[in-house]
Each structure stands twice: as structure tokens, then as C-alpha cells.
Visitor: 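So that we are looking at the same thing, I have put the structure below in C-alpha cells.
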Amino acid sequence: QVQLVESEGGLVQPGGSLRLSCAASGFIFSINAMGWYRQAPGKQRDLVAIVTWDGTTRYADSVKGRFTISRDNAKNTVYLQMNKLKPEDTAVYYCHAAYYSNYKLGPDRSYWGQGTQVTVSS
């Protein structure tokens, strides 16, 4: 099993910034990608950003140029730097860790964090 512990989200004004972190522990060797998803009320959970162990990153179109995902290998931690936040970024953000036998397909195994609320409002 892999355990994921997320940092707290918070309330941010539009145009502001926030950094989320997610620390992985347990069977780290069983994953080869980590990322963030988000779910707004009444909507499905969508991918925000992902980083794979081969260094590839991928972002949702809605966050490209504003969000940056990074990884600290020594700390088994992934960060999501969110800049120029918009009200539509308001959601519960979930850390995700996975093993992909083929990065072009869905994950073979998935692990989820507990979720953290990010609210963008004035």
C-alpha cells in the first residue's frame, strides 16, 4: 500500500498563489507517477497535473501556464504550485499515485489522498 498525505489547502483571492504538497510513504517502489486531480461540487474528478518517473509532465488545458507540478525524489513528495488562481479553480484537490505499465493507458494501480479544499474567492 501507498499512503499519501496532502498539505492543507485554503482560501485564496483571485490572482493569488498557493502551493500544495503530497508526501508518499509505504510501498513507494510500486508507483511510477504522481499527480493531482480536482473535483468541484456537482462535477466529476478531473486530472490537473501529473509527473511520471521518466520526467514527463502533463497538465489540464485549463491550468497550463499557471500551475506547475514538481517532484522531490529524496522526500517522495510532489508539489503543485498554483499561480494566477481563478474562482473556477475552486475544488477539492486530491493527490494521486499510480503505477502505469503503459503511460498511454490508464493506471494499473491507484492510490488517493484524502483531499484538500482550495477556494478561490474575494
Side-chain angles (χ1 to χ4, degrees):
Q1 288 290 326
V2 174
Q3 293 78 43
L4 302 173
V5 178
E6 301 154 344
S7 60
E8 286 191 12
L11 173 63
V12 184
Q13 291 189 343
S17 298
L18 187 66
R19 189 178 80 157
L20 301 178
S21 65
C22 176
S25 62
F27 290 171
I28 305 300
F29 61 87
S30 67
I31 60 174
N32 58 9
M34 289 182 68
W36 293 90
Y37 285 69
R38 67 185 181 187
Q39 187 169 19
K43 295 188 176 181
Q44 67 181 19
R45 189 176 298 186
D46 291 324
L47 175 70
V48 176
I50 184 174
V51 56
T52 63
W53 277 199
D54 66 359
T56 302
T57 57
R58 189 168 80 241
Y59 297 91
D61 288 341
S62 60
V63 306
K64 285 180 181 177
R66 299 188 299 122
F67 291 12
T68 302
I69 190 168
S70 61
R71 176 187 170 214
D72 185 330
N73 295 348
K75 296 181 179 180
N76 295 319
T77 298
V78 170
Y79 303 95
L80 184 68
Q81 178 66 44
M82 303 184 290
N83 299 327
K84 300 179 181 178
L85 282 161
K86 305 175 181 180
E88 50 264 43
D89 294 318
T90 296
V92 177
Y93 284 69
Y94 294 91
C95 181
H96 178 246
Y99 174 79
Y100 294 81
S101 56
N102 185 333
Y103 284 131
K104 295 182 180 179
L105 302 177
D108 298 271
R109 289 189 298 274
S110 283
Y111 305 92
W112 293 94
Q114 76 279 11
T116 187
Q117 177 70 47
V118 173
T119 302
V120 183
S121 174
S122 55

Visitor: Suppose the criterion is ring-ring contact (aromatic ring centres under 6.0 Å, His included): which pairs have a residue in residues 45-65, not counting sequence neighbours?
Guide: none

Visitor: Calculate, to the nearest 0.5 Å, the distance between atoms OG1 and CZ belonging to T52 and R71 respectively.
Guide: 9.0 Å

Visitor: Does the salt bridge (Lys or Arg N to Asp or Glu O under 4.0 Å) test come out yes or no for D89 and K86, once each step is laid out?
Guide: CA-CA 5 Å; D89 294 318; K86 305 175 181 180; over 6 Å; no

Visitor: Carefully, step by step, assess Y93 and M82 under the rule side-chain contact (heavy atoms from CB on, under 4.5 Å).
Guide: CA-CA 12 Å; Y93 284 69; M82 303 184 290; 3.9 Å; yes

Visitor: Hydrophobic cluster membership, with links at side-chain heavy-atom distances under 4.5 Å among I/L/V/M/F/W/Y: are L20 and V12 in one?
Guide: yes

Visitor: Might you point out which heavy atoms bring G35 and I69 nearest each other, and give the distance in Å?
Guide: CA-CD1, 3.9 Å

Visitor: For residues A97 and L4, report the shortest heavy-atom separation together with the two atoms involved.
Guide: N-CD1, 3.8 Å

Visitor: Measure from the side-chain N and O atoms of R109 to the backbone N and O of S30, and report whether any donor-acceptor pair falls under 3.5 Å.
Guide: yes

Visitor: Examine the side chains of Q117 and T119 and answer whether a donor and an acceptor come within less than 3.5 Å of each other.
Guide: yes

Visitor: Is there a path from Y100 to W36 through hydrophobic residues (I, L, V, M, F, W, Y) whose side chains come within less than 4.5 Å of each other?
Guide: yes

Visitor: Would you find more than 12 non-hydrogen atoms of other residues, nucleotides or ligands less than 6.0 Å from R45 atom CZ?
Guide: yes

Visitor: Considering only heavy atoms from C-beta outward, does the side chain of T56 approach that of V51 to under 4.5 Å?
Guide: no

Visitor: Can you establish whether the number of heavy atoms outside Q114 located under 6.0 Å from its atom CD is more than 12?
Guide: yes

Visitor: Whether the side chain of T77 engages the backbone of K75 through a donor-acceptor N/O pair (distance < 3.5 Å, no angle test) should be reported.
Guide: yes

Visitor: Would you confirm whether T116, through its side chain, and G9, through its main-chain N or O, come within 3.5 Å as a donor-acceptor pair?
Guide: yes

Visitor: Any side-chain to backbone donor/acceptor pair from S17 onto N83? Under 3.5 Å, distance only.
Guide: no

Visitor: In terms of hydrophobic clustering (I, L, V, M, F, W, Y; side-chain heavy atoms under 4.5 Å; direct or indirect links), are M34 and L47 co-clustered?
Guide: yes

Visitor: Any donor-acceptor pair under 3.5 Å linking the side chain of E6 with the backbone of C22?
Guide: no

Visitor: Would you verify whether the NZ or CZ of R38 falls within 45 degrees of the ring axis of Y94 while also being under 6.0 Å from that six-membered ring's centre?
Guide: no

Visitor: Answer whether the closest heavy-atom distance between the side chains of L18 and L85 falls below 4.5 Å.
Guide: yes

Visitor: Who pairs with Q13 by side chain to side chain donor-acceptor pair (under 3.5 Å), at least two apart in sequence or on another chain?
Guide: none

Visitor: Enter the distance from C95:SG to Q3:CD here, rounded to the nearest 0.5 Å.
Guide: 12.0 Å

Visitor: Taking all atoms of both residues into account, what is the closest heavy-atom pair of A40 and T90, and its distance?
Guide: CB-O, 3.8 Å

Visitor: Test of understanding: clusters of I, L, V, M, F, W, Y form through side-chain heavy atoms closer than 4.5 Å, transitively. Do Y99 and Y103 belong to the same one?
Guide: no

Visitor: So which atom in S121 and which in P14 form the shortest heavy-atom distance, rounded to 0.1 Å?
Guide: C-CD, 3.6 Å

Visitor: Are the aromatic rings of Y37 and W112 close, with centres under 6.0 Å apart?
Guide: yes

Visitor: About how many Å separate CZ of R19 and CD of Q81, when rounded to the nearest 0.5 Å?
Guide: 7.0 Å

Visitor: State whether the number of non-hydrogen atoms from other residues, nucleotides or ligands found under 6.0 Å of Q1 atom CD is greater than 12.
Guide: no

